[in-house]
Amino acid sequence: MNNIIEVKNLTKKFGNFIAVNNINFNIKKGEILGFLGPNGAGKTTSIKMINGLLKITSGEILVNGMDANKNRKELKKIMGYMSQKFSLYPLLNSLENIEFFGGVSGLSRKTIKKKEEEIKNMVDPLLLRQNVKDIPPGIRQKISLFVCLMTDPEIIFLDEPTSGVDPEVRRNFWYEIYDLKIRGKTILVSTHNLDEVEYADRILILHHGDLIVEGEPGGLLKKHKKNSIEDLFKDAISNHEQN
Amino acid sequence: MVRLENISKSFKNIKAVDNISFEIPESKITIIAGSDGSGKSTILKMIVGLIKKDSGKIYLREKNIVENYRKITSIAAYMPERFSLYKDLTVEENMNFFADIYQVPKKKKEELKNRLLIKTGMNNFKNRRAGNLSGGMKQKLALSTILLSIPEFIILDEPTTGVDPLSRIEFFNIIKELKEDGKTIIISTPYLDEAENGDYIVFVRNGRIIKKDSMNRLKNNFPAKLFRILPKGNIFEIINNLKKHEDLKDNFYIQGKYLKYIQIEEKNYTHLIPYYSIEEEKPKLEDIYIYYERMEEQELKRA
């Protein structure tokens with residue numbers, strides 16, 4: 001598989017504070033990459049640099065071979081971003097959200113109409129007309145993902161997509177993520193739910209801006225003689241803390 | 001004890017809480033577990049009197065809380081999901097501020113403040129500004145501030161949502177110590193792994209209680225067989241293949257690298273799965289929640 005994203009010596013400073021410290025990794029096309037780390041480890045900062053929302057301090061990010069810092073407009077077309085908490089406007093209904101996000105993403109009226117018809121076949125139209133804040137979390141998540149996929153992005157960033165939802169909704173969401181993988185999409189997902197990470201092809205653990213673990217979950221468990229990702233995570237963090 | 005009897009609450013035409021009743025035992029940890037929007041926060045807010053219920057009664061030690069509102073505010077502390085700390089003040093300054101709000105006597109203030117900061121592991125960060133704390137530390141500081149009122153009842157609304165796994169474990173260690181001190185703790189959470197810390201569990205879904213019981217009884221009286229299967233092949237493809245078995249598909253679900261099977265029907269269907277190993281297993285709260293969620297779904301379909 002080819003690398004769709006290459007991150008080289010990536011650093012981000014906010015004043016004197018180093019949020020991301022000279023990290024290197026690649027993401028292969030069609031891969032699910034799990035991004036882990038405590039709050040403040042640098043996960044969201046890294047994601048924001050890759051999708052062009054934040055300027056890098058030093059280093060290089062290549063997406064499809066293009067320099068991410070110089071080709072932001074181009075990159076926006078192939079990237080989708082979704083987070084559980086802030087993706088949709090709660091006081092608009094789902095159709096209005098689709099219209100709004102379709103508009104700002106530069107989709108034509110005709111395409112937006114088509115998308116609205118598409119969602120009506122997936123979700124009860126009555127629910128689609130309720131304000132987003134009032135619809136069940138599982139449906140809200142479905143709509144968020146639908147909005148994120150409207151532009152048919154090649155690379156999808158999911159920033160804590162399963163925070164605050166019950167196990168059933170989380171599971172169904174992962175079934176959808178796997179469908180996206182089958183369709184050839186590349187998926188980068190950050191999460192605090194460590195049991196989910198087993199579904200990723202590879203994981204990265206960040207701590208204090210450093211990349212401290214990288215590898216395939218099963219292989220990492222074997223290598224470190226651990227029974228669960230949670231044990232692996234705890235160990236990696238405390239070792240790094242001591243050093 | 002706190003007792004809720006037939007409590008309902010609607011916001012316009014949305015039934016947020018639908019005729020629920022349960023009891024909160026003292027000196028125990030009661031956990032209200034459910035998804036975003038299931039009604040957890042509304043329940044907690046009604047207990048502390050922040051929002052008015054439409055119907056039903058809430059009793060605190062057999063006294064109606066509406067008529068004895070001052071009583072509950074004097075012995076209960078409530079921490080909302082997003083607690084307001086002063087981010088430009090240091091940890092210690094925040095503590096001083098809240099100590100004054102709670103009118104902690106001057107003589108006691110230093111001792112109490114230090115004891116709480118040590119208890120929550122925040123003592124080493126006294127001089128750090130609250131705005132520069134990590135998510136987990138902010139929650140520990142928020143907890144410390146509400147403990148300044150020396151409450152008997154501690155009510156925490158999703159204290160760990162968005163907090164990383166290690167900080168969540170630390171937070172619950174503090175909670176368990178508070179229980180040892182005799183405090184009554186009521187926590188809402190969407191995470192069933194941390195709900196394992198509870199003594200009494202209330203599962204809520206769409207404003208209704210789908211099951212409530214003590215942890216021991218929930219685990220010992222689980223009414224179905226549960227299997228843990230290490231599948232041969234891609235777990236998602238196996239799930240996709242199961243979709244053709246309309247009645248069965250929901251009884252199989254993924255949990256980490258394992259496939260779980262709740263055998264609700266008489267016949268065992270594990271032969272549908274290619275596997276390396278299979279074993280019968282005791283349920284975790286997550287399995288128990290899924291079981292009662294299925295039962296609720298079936299009931300709704302029948303209705």
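Computed over heavy atoms, backbone and side chain alike; hydrogens, waters and symmetry mates excluded. Residue numbers start from 1 in every chain, and the chains themselves are labelled A, B, ... in the order their sequence lines are given, proteins ahead of strands.
With a 4.5 Å cut-off on non-hydrogen atoms, B:Tyr253 touches chain A through its backbone and its side chain both. Interface remark: B:Tyr191 contributes side-chain atoms only to the contact with chain A (heavy atom separation under 4.5 Å). Residue A:Ile237 touches chain B through its side chain alone, counting heavy-atom pairs closer than 4.5 Å. Contact annotation for B:Asn234: only side-chain heavy atoms (C-beta onward) come within less than 4.5 Å of a heavy atom of chain A. Proximity to chain A (any heavy atom under 4.5 Å) is restricted, for B:Ile290, to the side chain, taken from C-beta onward.
A donor-acceptor contact under 3.5 angstrom links the side chains of B:Ser188 and B:Asp157, judged on distance only. Checking A:Asp159 against A:Ser190 by side-chain atom types alone, a donor-acceptor pair falls below 3.5 Å.
Residues of residues 18-26 of chain A lying under 4.5 angstrom from chain B, judged on non-hydrogen atoms, do not exist here. Among the residues in residues 191-205 of chain A, those with a non-hydrogen atom closer than 4.5 angstrom to a non-hydrogen atom of chain B are A:His192, A:Asn193, A:Leu194, A:Asp195, A:Glu198, A:Tyr199.
In this structure, B:Arg129 places its CZ atom where only 12 or fewer heavy-atom neighbours from other residues, nucleotides or ligands lie under 6.0 Å away.
Between A:Trp174 and B:Phe236, the two ring planes are parallel [angle under 30°; tilted spans 30° to 60°].
Under the salt bridge (charged side-chain N to carboxylate O under 4.0 Å, His left out) test applied with B:Glu293, the options B:Arg205, B:Arg208, B:Lys211 reduce to a single match, B:Arg205.
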